[in-house]
Student: 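Would you mind keeping the following structure in view while I ask a few things?
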2 protein chains.
Amino acid sequence: MPAPLDPADPPVPDPELTGPELAGPELAGPELAGPEAAALAAFRAARWPTPAVTVDLCVFTVLDADLKLLRVLRDQPPFAGAPALPGGFLRVGDGIDDRGEDLDAAAARVLAEKTGLPDGACHLAQLQAFGAPQRDPRMRVITLAFWAVVPPELAPLVAARGGAAWQSLAVQRPPLAFDHEQILAVALRRLRAEAEAPGVVGRLVPAAFSAPELRAALEAVTGQAIDRGNFHRRFERMLEAGAVEEAPGKRITGRRPAKVYRFTGG
Amino acid sequence: MPAPLDPADPPVPDPELTGPELAGPELAGPELAGPEAAALAAFRAARWPTPAVTVDLCVFTVLDADLKLLRVLRDQPPFAGAPALPGGFLRVGDGIDDRGEDLDAAAARVLAEKTGLPDGACHLAQLQAFGAPQRDPRMRVITLAFWAVVPPELAPLVAARGGAAWQSLAVQRPPLAFDHEQILAVALRRLRAEAEAPGVVGRLVPAAFSAPELRAALEAVTGQAIDRGNFHRRFERMLEAGAVEEAPGKRITGRRPAKVYRFTGG
DNA sequence: CCAAAAGTGTTAACAGTACACCCATGG
DNA sequence: CCATGGGTGTACTGTTAACACTTTTGG
């Protein structure tokens with residue numbers, strides 16, 4: 001079971017994260033009148049035990065026809081030294097007046113923190129929640145898992161930042177900490193299922209790409225070979241549908257050069 | 001945005017739900033020694049603001065070739081009197097020694113509470129988390145949405161219990177409270193995508209069913225007509241694959257009786 | 001010229017669509 | 001006997017898989 005908790009792991013109470021406790025009665029009242037006010041105050045005064053909520057990211061990219069995952073190395077126990085998914089706490093504010101950030105915004109923020117990439121450059125979508133009671137040995141932590149795809153041209157930029165690095169998924173590797181292997185398995189299924197969806201397939205290759213490059217990227221993602229001829233016809237359909245268009249230039253590979261294309265915004 | 005909170009809505013602090021606050025330093029230490037103990041204690045002592053976490057269910061059934069949703073009526077503001085998805089709080093225990101229940105277990109428990117149905121009789125799977133900051137006007141609440149399919153033969157049993165009732169999705173209806181319409185939309189997409197998956201299709205019809213009944217159920221779920229002849233061939237493939245088998249008896253409908261089948265456990 | 005990779009074509013099998021037809025039953 | 005609906009067949013179409021062939025390049 002995982003909690004990213006990242007570099008500034010547990011014992012560093014970020015002033016932005018720590019605030020007044022959740023729903024203290026003395027914080028109860030914003031501006032509300034009528035019969036609802038009583039119910040509101042009572043609702044907030046009742047203290048349910050609440051779990052810690054984190055966001056974990058499965059960030060993928062395809063480099064050199066090889067599917068890679070962004071991983072950090074934990075510097076705190078538990079699992080100190082082990083690789084893990086990048087993640088962070090969901091910002092909740094005080095829960096009453098300051099409601100904190102949306103789930104998607106939290107994922108985008110963590111992604112930006114770990115990669116330094118501008119928002120919108122990557123595909124980012126929610127996977128599901130993971131919350132087995134013992135998934136974090138320290139306390140009850142529920143994580144909202146997201147998956148993301150970073151365009152190959154941007155991938156080298158993220159490695160420069162501290163901690164994070166690209167790990168090939170095609171080779172033997174040490175297991176991820178917590179239940180992150182389980183999360184990765186679900187994310188991989190989702191990535192494969194949606195590899196050809198608009199918004200995803202466009203991030204598997206550079207902005208300008210050749211048909212063989214796209215085929216190789218899809219092969220890297222799905223893990224199985226794609227017939228060249230059959231793929232070419234699928235690609236021609238994408239051309240006719242207007243999903244891709246020819247781009248200027250040619251791809252020089254040492255042998256016969258290939259035409260280059262780009263995905264159309266629309 | 002939603003928080004089910006259900007009959008026993010906010011101001012009734014369930015003794016099973018309320019416990020010591022999360023991660024008080026005085027609760028820090030179970031049995032752990034070595035250098036990890038310090039980090040553990042520090043981690044637990046640091047208090048992050050945590051959101052309330054609930055579980056909301058989109059429970060479907062097909063009755064009389066009509067797709068229906070299980071809904072409750074709220075008896076507390078906000079949205080008093082409005083229909084809503086059944087739901088409840090995730091049990092977390094104290095988060096340290098008592099870790100509470102798994103997410104799937106929470107969903108199964110809420111489903112059992114609202115329907116009285118035995119576990120395993122229904123298909124139940126996680127959808128995703130919904131947590132827009134203002135989805136509940138009272139405070140920050142994150143809900144883990146699940147979707148479920150109840151076999152038609154068991155559906156009449158649930159209406160007997162308090163509050164919950166089946167609402168047809170084919171007719172005009174008042175909107176659900178909070179963001180439950182948004183959750184329902186996602187759940188419907190998922191139901192339609194997985195309607196023919198094993199474990200789902202078997203819950204759309206009674207244990208003994210005729211081919212036309214299954215066709216009608218799928219039509220009710222997807223909302224569009226299915227050709228009889230084409231469906232028959234698909235059904236024959238299911239027969240040959242061993243997914244379904246003939247059952248004794250005939251379906252007497254007033255016209256020509258139809259053969260009855262049942263889904264095979266394997 | 002040759003190897004390698006890009007690009008093109010051919011074919012069979014299969015699944016989906018649309019529609020026509022027969023058969024069994026209750027009234 | 002007849003209307004209704006269960007059950008069956010057929011022709012057309014589009015997609016996929018498998019594989020052979022041609023073209024273009026660098027060495």
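Letters A, B, ... are given to chains in the order of the sequence lines, protein chains preceding strands, and every chain is numbered from 1.
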Student: Starting from P on C:dG16, measure out to CZ on B:Arg234 and report it in whole angstrom.
Tutor: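 My rounded result for the distance is 7 Å.
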
Student: Among A:Leu239, A:Asp227, A:Ile226, find the one that has a side chain to side chain contact (heavy atoms under 4.5 Å, CB included) with A:Arg234.
Tutor: A:Ile226

Student: Round to a whole Å and report the spacing from CZ of B:Arg251 to P of D:dG5.
Tutor: 17 Å

Student: Would you mind reading off the distance between A:Glu213 atom CD and C:dA5 atom C1', rounded to a whole angstrom?
Tutor: 13 Å

Student: Rounded to whole Å, how long is the line connecting atom CZ of A:Phe235 with atom P of D:dT15?
Tutor: 18 Å

Student: Distance check: side-chain N/O of A:Arg237 vs OP1/OP2 of D:dT16, anything under 4.0 Å?
Tutor: yes

Student: Compare all side-chain heavy atoms of A:Glu245 with those of A:Arg262 and state whether any distance is below 4.5 angstrom.
Tutor: yes

Student: Taking the six-membered ring for Trp, are B:Tyr261 and B:Phe209 parallel (under 30°), tilted (30 to 60°) or perpendicular (over 60°)?
Tutor: tilted

Student: Which residue lies toward the 5' end of DNA chain D, B:Arg215 or B:Asp227, if each is placed at its nearest nucleotide?
Tutor: B:Arg215

Student: Taking the side chain of A:Ala211 as heavy atoms from C-beta outward, which of C:dA24, C:dG7, C:dC19 is closest to it?
Tutor: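 Of all the options, the side chain of A:Ala211 is nearest to C:dG7.
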
Student: Among A:Val221, A:Val150, A:Leu70, A:Leu169, exactly one meets side chain to side chain contact (heavy atoms under 4.5 Å, CB included) together with A:Phe60. Which residue is that?
Tutor: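 When side chain to side chain contact (heavy atoms under 4.5 Å, CB included) is applied between A:Phe60 and each of A:Val221, A:Val150, A:Leu70, A:Leu169, only A:Leu169 qualifies.
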
Student: Where the side chain of A:Glu236 is concerned, which of D:dT25, C:dT8, C:dG7 is the nearest nucleotide?
Tutor: C:dT8

Student: If the threshold is 4.0 Å, N to carboxylate O, is there a salt bridge linking B:Glu181 and B:Arg173?
Tutor: yes

Student: Can you tell me which nucleotide in C:dA5, D:dG7, C:dA18 comes closest to the side chain of B:Arg256?
Tutor: D:dG7

Student: If you only use heavy atoms from C-beta on, which nucleotide in D:dT25, D:dG7, D:dA18 is closest to the side chain of A:Pro257?
Tutor: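 Selected nucleotide (nearest to the side chain): D:dT25.
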
Student: To the side chain of B:Arg228, which of D:dT16, C:dT17, D:dG6 is closest?
Tutor: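 So the nucleotide nearest the side chain must be D:dG6.
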
Student: Could you say whether B:Ala258 or A:Arg233 is positioned toward the 5' end of DNA chain D, judged by the nucleotide with the nearest heavy atom to each?
Tutor: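 That would be B:Ala258.
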
Student: Could you check how far CD of A:Glu219 sits from C1' of D:dA17, rounded to whole Å?
Tutor: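 From A:Glu219 CD to D:dA17 C1': 15 Å.
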
Student: Could you state the atom-to-atom distance from NZ of B:Lys250 to C1' of C:dA24 in whole Å?
Tutor: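 In whole Å, C:dA24 C1' lies 9 Å from B:Lys250 NZ.
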
Student: Considering only heavy atoms and no angle criterion, is a donor-acceptor pair shorter than 3.5 Å present between the side chain of B:Asn230 and the base of C:dA15?
Tutor: no

Student: Has A:His232 got a side-chain N or O lying under 4.0 Å from the OP1 or OP2 atom of C:dG7?
Tutor: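 Checking A:His232 against C:dG7: no side-chain N or O falls below 4.0 Å of OP1 or OP2.
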
Student: Report the distance from atom CD1 of B:Ile226 to atom C1' of D:dG7, rounded to the nearest whole Å.
Tutor: 17 Å

Student: Could you check how far CE of B:Met238 sits from C1' of C:dA15, rounded to whole Å?
Tutor: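 Distance check: B:Met238 CE to C:dA15 C1' gives 16 Å.
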
Student: Can you figure out which of D:dT16, C:dT8, C:dG7 approaches the side chain of A:Pro212 most closely?
Tutor: C:dG7

